[in-house]
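Note on naming: letters A, B, ... go to the chains in the order of the sequence lines (proteins, then strands), and numbering restarts at 1 for each one. Reckoned from all heavy atoms, side chains included, excluding hydrogens, waters and symmetry mates.
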Amino acid sequence: MLQVQFIRQHKEEVLERLALKQFKELHLVDEIIALDDSRKKLTVEYDETKAQANALSKEIGKLMAQGQKEEAENRKSTVSSLNARLQPIDEQLKATEKALHDALILLPNLPSKLVPAGRTPEDNEVVRSGGDLPTLYEGAVPHWDLTKKYDLIDFELGNKLTGSGFPVYKNKGARLQRALVSYFLDFNIDAGYTEMNVPHLVNEDSAYGTGQLPDKEGQMYHVTEDKFYLIPTSEVPLTNLYRDEILKDTDLPIKMTAYTPCFRREAGSYGKDVRGLNRLHQFEKVELVQLVHPNKSYEVLDEMVAHVEKLVQSLELPYRILRLCGGDMSFASALTYDFEIYSAAQEKWLEVSSVSNFESFQTNRLKARFKEGQEKAQLLHSLNGSSLALPRIVACLLENNQTATGIKLPAVLHTYFGAEEIA
RNA sequence: GGUGAGGUGCCUGAGUGGCCGAAAGGAACGGUUUGCUAAACCGUCGUACGGGUUAAACUGUACCGAGGGUUCGAAUCCCUCCCUCACCGCCA
């Protein structure tokens, strides 16, 4: 959520940058300023009237103590009439505040200066790439055949237990997952991230805090009886750890990593995009979250991108890093880099990580702040990134490294996996 | 799930209708003192939204788990909800 004060002070800039994000409802900006104007006006009216009433009420106490009953009764009726006047003002004020808030949450975050113009994924900028596209042997097949051939994942069993999109990992498939999770976590811990283990269900306040509610309710699984939501990513619990907190600047940066399952309803998806491991309702992911000083966040973003890049490189997979264009970025992001890995048998790029700087967009909603000395509290900047989403990594590892006799694993996984290849 | 107790500032904890944005102690921060450490002493020490100012000073309103209510006036009384703790039951 953008800050009204910023919008007021930088209206032209806000309009320009919203347009870059392909945001159409630019009229909201003027509406917001108008609503804020009336909010201020009503606040003054309310406060002044209330101040009178409060002062009189205080006098009543003293008059009563002095036994001046009549005078006290006089004041009482004055206060009563003041309060009666207050009521409609209060109602208007509340309605105005709500309207203002409702309009504010419709505005997406402003894209940073680095964001390329554009509307569709084709407009994203490739900033770097690495690794060589593998040449597969004659009999190479997509991962959904490999998982069957080596008995790694059973999609049908998952259907039986739950439904499509809930695969059952078996045997070396299960072990490969666990190896990857351990490796990713260790890699992150070595870079100074603190490992966290957080709830997989969150309450409404948390879902609201990171922006899943109110708009994306349909994308989450909802436990209606207890009003909990299954997390779509560990970004939700991790970032919400600091909801309504005021940190000291010396506590910064906060660097966290967590491994959790992620649950996504992904309503409306179909076709080959959802085949095999490409898109699931439940998958595993290791996530990075940082909360940092506002003047550090872009430096930190680069650092996180470099960190994920090193991780991908260590898996010896061909990758490219995209800087997302205005139209393809998420609602809350100011700048996003996507990591894609080439899935050789499917012959397409799969997104395996998305690293974003949200600036103060999330923290404004969360009220996650920090203080430098005696200064006024100010909003932190939040960032997050996957490191990495498991299923698509598995898909690429299997497809790209397949041989006639088995699947060779990158060296970094040998110890974790307990073998050099899946045969 | 049952019964009981309770939710106050960074923490502990007082406060049962006006003198309470809230005692006291601790922590933290700034300073004085100090050979060092420690101690002592002085000061500062919540947030938000307004007014005001070049900026301050100053000032108003709201907030004592959340939401409603009673009252001229609520941290304090009433109602609903949430949460925590203790004991019992059950149990990985």
What pairs with A:Gln68 under side-chain hydrogen bond (donor to acceptor under 3.5 Å, both in side chains), at least two apart in sequence or on another chain? A:Gln66
side-chain contact (heavy atoms from CB on, under 4.5 Å) partners of A:Leu106, counting only residues at least two apart: A:Leu28
With sequence neighbours left out, the residues meeting side-chain contact (heavy atoms from CB on, under 4.5 Å) with A:Pro253 are A:Lys255, A:Gln290, A:Val292
I'd like to know if the side chain of A:Arg369 and the backbone of A:Ile246 have a donor-acceptor N/O pair within less than 3.5 Å. no
Could you go over nucleotides 45-52 of chain B and give all protein N or O partners under 3.5 Å, atom names and distances?
from	atom 1	to	atom 2	distance (Å)
B:G46	O3'	A:Lys371	NZ	3.2
B:U47	OP1	A:Lys371	NZ	2.2
B:U47	O3'	A:Arg369	NH1	3.0
B:A48	OP1	A:Arg369	NH1	3.0
B:C49	O3'	A:Arg39	NH2	2.1
B:C49	O2'	A:Arg39	NH2	3.0
B:G50	OP1	A:Arg39	NH1	3.1
B:G50	OP1	A:Arg39	NH2	2.5
B:G50	O5'	A:Arg39	NH2	2.8

If you draw a 6.0 Å radius around NZ in A:Lys296, do more than 12 non-hydrogen atoms from other residues or ligands fall strictly inside? no
Sequence neighbours left out, what pairs pass ring pair (Phe, Tyr, Trp, His ring centres under 6.0 Å) with at least one residue falling in residues 151-172 of chain A? A:Phe166-A:His281
Enumerate the residue pairs fulfilling ring pair (Phe, Tyr, Trp, His ring centres under 6.0 Å) with a member in residues 366-391 of chain A, sequence neighbours excluded, ordered by first and then second residue. A:His293-A:Phe370
Contacts to RNA chain B from residues 195-204 of chain A, heavy-atom cutoff under 4.0 Å, which residues? none
Spacing between [X] atom [atom1] and [N] atom [atom2], to the nearest angstrom:
X: A:Lys248; N: B:G30; atom1: NZ; atom2: P; answer: 11 Å
X: A:Gln52; N: B:U59; atom1: CD; atom2: P; answer: 19 Å
X: A:Leu82; N: B:U61; atom1: CG; atom2: C1'; answer: 15 Å
X: A:Asp205; N: B:G67; atom1: CG; atom2: C1'; answer: 13 Å
X: A:Glu91; N: B:G68; atom1: CD; atom2: P; answer: 12 Å

Counting primed atoms plus P, OP1 and OP2 as sugar-phosphate and everything else as base, spell out the protein contacts along nucleotides 71-76 of chain B at 4.0 Å heavy-atom distance: B, S or - for each nucleotide, 5' to 3'. -BS---
Selection residues 183-195 of chain A - residue pairs positive for salt bridge (Lys or Arg N to Asp or Glu O under 4.0 Å), sequence neighbours left out: none
Taking salt bridge (Lys or Arg N to Asp or Glu O under 4.0 Å) as the cut-off, I'd like each qualifying pair that reaches into residues 52-67 of chain A, sequence neighbours left out, listed once. A:Glu59-A:Arg75
Using purine N1 to pyrimidine N3 plus N6-O4 or O6-N4 for Watson-Crick, or N1-O2 and O6-N3 for G-U wobble, each under 3.5 Å, what pairs with B:C63? B:G46
Using atom P in both nucleotides, what's the gap between B:A62 and B:A22 to the nearest angstrom? 14 Å
Listed by chain and number, what are the ring pair (Phe, Tyr, Trp, His ring centres under 6.0 Å) partners of A:His222, not counting sequence neighbours? A:Tyr229
Contacts of A:Phe361 that satisfy ring pair (Phe, Tyr, Trp, His ring centres under 6.0 Å) - sequence neighbours left out: A:Phe331
